[in-house]
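Atoms within each ligand, like the ligands themselves, are counted from 1 in listed order.
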Amino acid sequence: MRELIAGNWKMNMTRKEIDSFFEEFLRMVPYLPNEREVAIIPPFVYIPYVSEKLKGTTINYGAQNLFYEEKGAFTGEVSAEMLKDLGCTYVIIGHSERRKYFCETDETVNRKIKAALGKGLTPIVCVGETLEERESGKTFEIIEGQIRKGLDGVELSEPERLVIAYEPVWAIGTGKTATPQQAEEVHAFIRKLLKEKFGEISKDIRILYGGSVKPENAAGLMEMENINGALVGGASLDPVSFYRIIRYDSGG
Ligand code: PGA
């Protein structure tokens, strides 16, 4: 399966900063390994700007959210069709920051996944437990609920059309990464849930790890059987560290 390394820029970057990112990053692009897929996920407003920069490369791009309604009086929102219109391949859905600050629930996640798939976008669906949940032994219960409710009624014809990202909330932006074993335990559990739901094709659904992925820890994580890529936040803002994560197996 082709691994995916996606850079989630969150609410960062200006055009000037994007210019300097690509000035450096595009120089390294010819050295990116073909067998690995790369995507950049900027804030909505910069999607066209980033897509221009990526012309002539094989790097994909996407958005950090969408709204599930087709169109109409939903001030401030962006639809799946609009993202498709801009050439997006991916859309992140249910990131823990959206769950925490913007009232995202498993129900809205579910509707957004369906909206994305309906317009031919590939959702990157984020799940993960908080520190408190982990410490009280609820990790698997939380993940199971998020996966089952999030994917309720979702149909999938090809495994490439869905990506799951396991992002333990306590590891996001904290510098604390899950150990490869801790992550693999949850990834294997997610794989089992996907198998129950989608059957055989589930073995080819990519499950990314996210949460303080850095050039130094990427190789150890990617080595695990059920870790099929990374969703990178902070480290994707720096072209050199993002590049080094993409080339995690070549010593940078
Ligand atoms: P981080 O963020 O790499 O900065 O921890 C990951 C994410 O939230 O997608």
Side-chain angles (χ1 to χ4, degrees), residues 3-13 17 21 25 36-44 46-47 50 59-66 88-104 109 112-113 116 121-131 133-134 139 142-143 146-147 150 162-180 182-184 186-187 190 206-222 224 227-248 252:
E3 287 175 343
L4 169 64
I5 314 289
N8 172 13
W9 281 1
K10 307 192 180 182
M11 196 174 74
N12 292 295
M13 299 293 223
E17 287 165 336
F21 177 93
F25 191 66
R36 217 154 284 152
E37 187 184 346
V38 180
I40 292 182
I41 320 231
F44 285 135
Y46 294 127
I47 292 171
V50 164
I59 298 175
N60 289 317
Y61 55 92
Q64 300 172 14
N65 183 34
L66 54 64
C88 288
T89 303
Y90 294 104
V91 57
I92 297 177
I93 295 178
H95 191 281
S96 63
E97 286 148 19
R98 296 214 59 85
R99 293 180 192 258
K100 180 170 173 198
Y101 301 117
F102 303 100
C103 310
E104 194 83 86
V109 166
K112 290 180 179 192
I113 294 170
L121 294 163
T122 299
I124 301 178
V125 181
C126 300
V127 297
E129 81 288 359
T130 62
L131 185 59
E133 288 160 350
R134 174 161 281 264
T139 300
I142 295 294
I143 301 295
Q146 290 173 341
I147 293 276
L162 176 68
V163 177
I164 306 288
Y166 169 54
E167 300 206 303
V169 178
W170 48 272
I172 296 177
T174 58
K176 263 195 245 166
T177 330
T179 64
Q182 273 175 327
E184 172 61 20
V186 179
H187 280 236
I190 294 173
R206 290 174 293 184
I207 308 175
L208 315 184
Y209 170 80
S212 297
V213 176
K214 303 276 179 285
E216 297 70 32
N217 58 29
L221 289 158
M222 301 301 207
M224 306 315 278
I227 301 185
N228 317 116
L231 186 53
V232 186
S236 72
L237 298 171
D238 175 63
V240 175
S241 59
F242 190 47
Y243 172 79
R244 288 178 61 208
I245 291 171
I246 302 164
R247 294 205 56 169
Y248 64 82

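- Within the listing of ligand 1, atoms 1 (P), 4 (O), 5 (O) sit less than 4.0 angstrom from a heavy atom of Gly173.
- Atoms of ligand 1 found under 4.0 Å from any heavy atom of Ser212 (numbered from 1 in listed order, with element): 1 (P), 3 (O), 5 (O).
- One option in Lys214, Lys176, Glu167 has a heavy atom closer to atom 9 (O) of ligand 1 than any other, and that option is Glu167.
- Not counting sequence neighbours, Glu167 has no partner by the salt bridge (Lys or Arg N to Asp or Glu O under 4.0 Å) test.
- Proximity of Gly210 to ligand 1 is not established, as no heavy-atom distance is less than 4.0 Å.
- A donor-acceptor pair under 3.5 Å is absent between the side-chain atoms of Lys214 and the main chain of Ala235, judged by distance alone.
- Checked by atom type, the side-chain pair Glu37/Tyr90 shows a donor-acceptor distance below 3.5 Å.
- For the pairing with Ile41, the side-chain contact (heavy atoms from CB on, under 4.5 Å) check across Ile92, Asn60, Val91, Val50 returns one residue only, Ile92.
- The protein atom (non-hydrogen) at minimum distance from atom 4 (O) of ligand 1 is Gly234 N, 2.8 Å.
- The protein non-hydrogen atom at the shortest distance from atom 3 (O) of ligand 1 is Gly233 N, 2.9 Å.
- By the salt bridge (Lys or Arg N to Asp or Glu O under 4.0 Å) test, Glu97 pairs with Lys10, sequence neighbours left out.
- Protein heavy atom at the shortest distance from atom 2 (O) of ligand 1 is Lys10 NZ, 3.2 Å.
- A perpendicular orientation is assigned to the rings of Trp9 and Phe21, their planes being inclined by more than 60° (bins at 30° and 60°).
- In this structure, Ser236 has no heavy atom closer than 4.0 Å to ligand 1.
- Residue contacts with ligand 1 do not include Ala235, since none of its heavy atoms lies under 4.0 Å from the ligand.
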